[in-house]
Amino acid sequence: QVHLVESGGGSVQAGGSLRLSCVATGITYSTYAMAWFRQAPGEEREGIATVISTTGKAFYADSVQGRFTIALDNAKNTIFLQINSLKAGGPSMYHCAGGAYSGVGRRFPLKDFEYTHWGQGTQVTGSS
């Protein structure tokens, strides 16, 4: 079975950086997509970044463009989210999600129901 486990969350001073990781096991798709979703207090869950396994091509929501970077390490079955210039607020929950390449879109807003596998989440806080 597919299992996703996130790590790396914590509290960072606003303007600082943090790197989240998501280790995936049990993936059997030849080509797949991974994404990061974020849910801030009182807000809807938002897909913020997605990456394609075969090419590493990444796509971002406008809200994080230029500040966040998603990367996929195929050898380690790990997806990263590099967070830079973290804004004050939170705590927000970050989840990684995965699905077959053919079953998910790359246009924003991402549709969370298209992603068939989800991690438990890791919490990020930007302190001020």
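Since the model is a prediction, treat every value here as computed from it, not as a measurement.
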Residues in side-chain hydrogen bond (donor to acceptor under 3.5 Å, both in side chains) contact with Ser11, at least two apart in sequence or another chain: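 By the side-chain hydrogen bond (donor to acceptor under 3.5 Å, both in side chains) rule, Ser11 matches no residue at all.
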
Using the side-chain hydrogen bond (donor to acceptor under 3.5 Å, both in side chains) criterion, which residues pair with Gln13? Sequence neighbours excluded. Ser127

Partners meeting side-chain contact (heavy atoms from CB on, under 4.5 Å) with Ala58 (sequence neighbours left out): Tyr60, Ile70

Any pair with a residue in residues 62-77 that passes salt bridge (charged side-chain N to carboxylate O under 4.0 Å, His left out), sequence neighbours left out, goes on the list, sorted by first then second residue, please.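 Qualifying pairs: none.
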
What pairs meet the ring pair (Phe, Tyr, Trp, His ring centres under 6.0 Å) rule with one or both residues in residues 62-99, with sequence neighbours excluded?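 Ring pair (Phe, Tyr, Trp, His ring centres under 6.0 Å) check on residues 62-99 returns no pairs.
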
Hydrophobic cluster membership, [X] vs [Y], 4.5 Å side-chain cutoff:
X	Y	answer
Leu18	Ile48	yes
Val51	Val64	yes
Met93	Val12	no

Contact list for residues 23-94, test disulfide (SG to SG under 2.5 Å), sequence neighbours left out: none

Sort and list the pairs that fulfil disulfide (SG to SG under 2.5 Å) and have at least one residue in residues 99-128, not counting sequence neighbours. none

For residues 31-38, tabulate all N or O donor-acceptor pairs below 3.5 Å that involve a side-chain atom, not counting sequence neighbours.
| from | atom 1 | to | atom 2 | distance (Å) |
| --- | --- | --- | --- | --- |
| Tyr32 | OH | Asn74 | OD1 | 3.4 |
| Arg38 | NH2 | Glu46 | OE1 | 3.3 |

From CG (Asp112) to CD (Glu44), nearest 0.5 Å: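 The CD atom of Glu44 is 9.5 Å from CG of Asp112, to the nearest 0.5 Å.
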
Reported CD1-to-CG distance for the pair Ile79 and Leu4, which is rounded to 0.5 angstrom: 7.0 Å

Tabulate below the donor-acceptor pairs under 3.5 Å that side-chain atoms of residues 82-91 make, not counting sequence neighbours, or state none.
| from | atom 1 | to | atom 2 | distance (Å) |
| --- | --- | --- | --- | --- |
| Gln82 | NE2 | Asn84 | OD1 | 3.1 |
| Asn84 | OD1 | Ser17 | OG | 2.8 |

When you measure from the side chain of Glu6 to the backbone of Gln120, do you find a donor-acceptor pair of N or O atoms at a distance under 3.5 Å?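 Here the side-chain-to-backbone pair exists.
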
Could you work out the complete set of other residues in the hydrophobic cluster of Val5, with links drawn between I, L, V, M, F, W and Y side chains under 4.5 Å apart? none

Name every donor-acceptor pair, under 3.5 Å, that has one atom in a side chain of residues 19-27 and the other anywhere in the protein, sequence neighbours excluded.
| from | atom 1 | to | atom 2 | distance (Å) |
| --- | --- | --- | --- | --- |
| Thr25 | OG1 | His3 | O | 3.4 |

Under 3.5 Å, which donor-acceptor pairs link side chains of residues 97-111 to any protein atom two or more places apart or in another chain?
| from | atom 1 | to | atom 2 | distance (Å) |
| --- | --- | --- | --- | --- |
| Tyr101 | OH | Arg106 | NH1 | 3.2 |
| Arg106 | NH2 | Val104 | O | 3.3 |

